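Proteins get letters first, then strands, A, B, ... in listed order; numbering begins at 1 in each. Quick caveat: nothing in here was measured; it's all calculated off a predicted structure.
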2 protein chains.
Amino acid sequence: MGAPTVYDVAEKANVSIATVSRVYRNPETVREQTRDRVLAAARELGYVPSGNARGLASRSTGVLGLCFPDYADPELEDDDSEQTLYADEITRGMERAARRHGYALLIAASLEGGPESLVASVAGRVDGFAVLARTVATEDLELMSRRLPVVMIAGPREIDHLDHLEVANRDGEFALTTHLIADHGLRRLAFVAGGEDSPDAQARFAGFQQALRAADLPVPSEPDARGDFTQAGGREAARRLLERGTQPQAMVFANDQMAIGGLETLERRGVRVPADMAVVGFDGIPLGRVVRPSLTTVTQPMRRLGETAVDLLVERLADPDREPRSEMLPVTQTRRASCGCPEPPPR
Amino acid sequence: MGAPTVYDVAEKANVSIATVSRVYRNPETVREQTRDRVLAAARELGYVPSGNARGLASRSTGVLGLCFPDYADPELEDDDSEQTLYADEITRGMERAARRHGYALLIAASLEGGPESLVASVAGRVDGFAVLARTVATEDLELMSRRLPVVMIAGPREIDHLDHLEVANRDGEFALTTHLIADHGLRRLAFVAGGEDSPDAQARFAGFQQALRAADLPVPSEPDARGDFTQAGGREAARRLLERGTQPQAMVFANDQMAIGGLETLERRGVRVPADMAVVGFDGIPLGRVVRPSLTTVTQPMRRLGETAVDLLVERLADPDREPRSEMLPVTQTRRASCGCPEPPPR
DNA sequence: CCACCTAGTGTATGCGCTTACAGACAGCGC
DNA sequence: GCGCTGTCTGTAAGCGCATACACTAGGTGG
């Protein structure tokens, strides 16, 4: 029953446990002949080093953690796919980068069970972790960051000694809006915001405003409509915008899901896109490539977000006293048909 | 620098380390007053139990692992979304179930670095793990399964003492094909297979054959075309099928991505779907709901797959001598427009 | 030929926790 | 009053490994 340990291997290979350990930690310090004997014994016994013991002795776990929001309610399905995708792609990026650095990745969705259990389930098991958005209560973050490196991804920068990572929401929306104005000659643009408190949506709106200002167009102080980041929200917002007195020439949605919902409403109302109405989103989800007309959007570097998060953690692990860093990742513009640009080839 | 330990807390709370430990493991065995004192001290010190030490002492890590294929090549983008989605949804399901059972989830994509590193990075860190598809080399599986519970998800059952989990590929394809024949009166059906060695695709083809046989239609011994599970593969396969002498009335694709590629080809060639050609897929990816015509398919219970995997692991952890189990999860049919059924309402 | 290194290995300690086991102390019935 | 029970807490022995340090054997240069 009991799994084989260094002792078993040492005995079988006629060496001491220290040598067995060295074979795994610093193979170059062990004579080749001895090393082979140990590895043979290990293989024969089915020995695998215990991560626990190793971690305890070397006071490091070799594991990085990621806390992300648990949108994955069984009821929800497609409308949450942006959010899960968001998390999934970041997870993937982190996993790759972590592995490259020799770490494994522990993931933990939040909510349910309270933050207490989240913190407990992650902290003490990892060497450092990343927090996606506002997943973890501030006080817990405070607590944890006293113990180990924490990097905040796309979340509020409430704790200023944490490393921090975000995407250029504002710049991206500025550039995209400017594209509509400058390249397509549009003047009446409506902005559909997301959740009230989403810093992402706020930054995007700011970029939108900035673009109007730069073009000497009237700058609204509030978004023209508000959705909740879902397709349904986008459908509804588009409906309301169509019912206003003077219709806009373009709808700028704070994310792709809403934009796609907006396209549905427009199609049903017989409004031609992009001829009568330009539509753009934000995020760059795969769906945007498939809907008709295909969606012009700002593509976020999700995977790089995850990779960079790991890089920051690894850096800090190497140098705990390094100054906290804040990085902003650039976004790219994806011009497709819904803004009036030509449909890109099918690849 | 050193993080606070039980000793620090014990000293501050004027108790022994055993009591501190008990406060966390078996709170009910500690007098309330003592417990509060300990918790207060812990909070003040910022104490969090070390997972390593805990695991070592109690010989269990409280962590479950998941190994999945690393499709996430930076080059690939949308065409791999089915596969990543597959893995992501299962991951999500596992994460939820694991948390429900009090476990955390460690994930590890394979490839790159060889199986050695995969095994090493996961085993010895977890109490058990799930393997998605043919992610792990058989010999490593053999090795690992001697040490801890392993459940194989949707992979070959090469090792018969492992718990095993799959979806009803054959039944699902049988039912869907039968729907085309019985409800839509189609007689000439073509099957587009996936990768040569995919057991999933094979089972689906078997279901397809079975349906033809049941309807007294000629049963092909080989798929009519073969793709590689990508949209591009589907486009190409559809093209070849159209160039054959007698065209089929329906194309049955082994997965949704290929089916969507097929739709593209058909649209470009002016073949009306479903009037001139029915198209069905398999998987139930979100894209299928959005493409026009919307895709009829067999929906896999991805998330439940993950949840069930965890259930199996937890069961086996509780009773290591239990007989190995093999479960087959049912699939559901999703009838949309591409087979000739009416377009479902937009939700 | 001896002091001195170097490469390779062994010994012993401790990482921070869990958990038998033992002890202390109060309440209880006889 | 005594033993007994039950409740609460402390003592101590590891869990499986990493690693500082000690040690050995074989060079090396003087």
Side-chain angles (χ1 to χ4, degrees), chain A residues 1-39 41-42 45-63 102 120-121 123-127 147-148, chain B residues 1-39 41-42 45-63 102 120-121 123-127 147-148:
Chain A
M1 178 58 230
T5 73
V6 272
Y7 293 96
D8 303 316
V9 177
E11 185 175 0
K12 188 168 195 95
N14 256 313
V15 296
S16 75
I17 61 163
T19 300
V20 176
S21 176
R22 276 189 281 259
V23 165
Y24 287 89
R25 308 302 307 160
N26 309 93
E28 66 280 5
T29 69
V30 178
R31 203 199 327 177
E32 186 173 343
Q33 178 188 331
T34 316
R35 200 192 310 155
D36 291 345
R37 228 173 45 231
V38 169
L39 286 176
L45 291 172
Y47 169 76
V48 173
S50 150
N52 274 332
R54 181 178 289 200
L56 183 54
S58 65
R59 49 209 123 269
S60 87
T61 62
V63 178
S121 74
R125 283 210 173 110
V126 299
D127 293 341
R147 255 186 150 256
L148 35 79
Chain B
M1 181 54 233
T5 74
V6 272
Y7 293 95
D8 303 317
V9 177
E11 185 176 0
K12 189 168 192 96
N14 256 312
V15 296
S16 74
I17 61 163
T19 299
V20 175
S21 176
R22 276 191 280 260
V23 166
Y24 287 89
R25 309 298 312 158
N26 310 92
E28 66 281 5
T29 69
V30 177
R31 205 201 324 178
E32 185 172 346
Q33 179 189 331
T34 316
R35 198 191 313 154
D36 291 347
R37 227 171 49 231
V38 170
L39 287 176
L45 291 172
Y47 168 76
V48 173
S50 150
N52 274 331
R54 178 176 290 195
L56 220 212
S58 64
R59 49 209 121 266
S60 87
T61 62
V63 179
S121 72
R125 282 209 174 109
V126 299
D127 293 340
R147 256 185 149 256
L148 35 77

Going through the distances and angles, do A:Val38 and A:Val30 end up as a side chain to side chain contact (heavy atoms under 4.5 Å, CB included)?
-> CA-CA 10 Å; A:Val38 169; A:Val30 178; 5.9 Å; no
Is B:Arg37 reaching over with its side chain to a backbone N or O of B:Ala13, donor-acceptor style, under 3.5 angstrom?
-> yes
Does the A:Arg147 side chain pair with the main chain of B:Val48, one donor and one acceptor, at a distance under 3.5 Å?
-> yes
What is the nucleic acid contact for B:Thr5, judged by heavy atoms within less than 4.0 Å: base, sugar-phosphate only, or nothing?
-> sugar-phosphate
Report each atom pair, protein N/O against N/O of nucleotides 4-9 of chain C, whose distance is under 3.5 angstrom.
unit_1 : atom_1 : unit_2  : atom_2 : d
C:dT9  : OP1    : A:Arg31 : NH2    : 3.3
C:dT9  : OP1    : A:Thr34 : OG1    : 2.2
C:dT9  : OP2    : A:Arg31 : N      : 2.9
C:dT9  : OP2    : A:Thr34 : OG1    : 3.4

Is a donor on one side and an acceptor on the other found under 3.5 Å between the side chain of B:Arg125 and the backbone of A:Thr61?
-> yes
Nearest heavy-atom approach of B:Val126 to B:Leu148 is O-CD2, 3.3 Å
Looking at side-chain heavy atoms only, is the closest gap between A:Tyr7 and A:Val20 below 4.5 Å?
-> no
Separation of atom CG in B:Asn52 from atom C1' in C:dG14, rounded to whole Å = 14 Å
Bounds of contact between DNA chain D and chain B, in 5' to 3' order, using a heavy-atom cut-off under 4.0 Å | D:dC8 to D:dG16
What's the CG-C1' distance between B:Leu56 and C:dT19, to the nearest Å?
-> 14 Å
Can you measure from OG1 (B:Thr19) to CG (B:Asn14) and round to the nearest 0.5 angstrom?
-> 11.0 Å
Global bending angle along the helix from C:dC1-D:dG30 to C:dC30-D:dG1, which compares the axes of five pairs at either end, to 10 degrees = 40°
Over all heavy atoms of both residues, which pair between B:Ala53 and B:Ser50 is shortest? Give the atoms and the distance, please.
-> N-OG, 3.0 Å
For C:dC17, does either OP1 or OP2 sit under 4.0 Å from a side-chain N or O belonging to B:Tyr47?
-> yes
Check for a donor-acceptor pair, side chain of A:Asp8 on one end and backbone N or O of A:Thr5 on the other, with a separation under 3.5 Å.
-> yes
Counting heavy atoms from C-beta on, name the nucleotide in C:dT19, C:dG14, C:dC17 closest to the side chain of B:Ala53.
-> C:dC17
Dump the intermediate steps for side chain to side chain contact (heavy atoms under 4.5 Å, CB included) on A:Leu39 and A:Tyr24, then the final yes or no.
-> CA-CA 9 Å; A:Leu39 286 176; A:Tyr24 287 89; 4.2 Å; yes
Would you indicate, yes or no, if C:dT18 has its OP1 or OP2 atom less than 4.0 angstrom from a side-chain nitrogen or oxygen of B:Arg25?
-> yes
Separation of C:dT19 atom P from B:Tyr24 atom OH, nearest Å, is 16 Å
Taking every heavy atom of A:Asp127 against every heavy atom of A:Gly62, the minimum-distance pair comes out as OD2-N, 2.9 Å
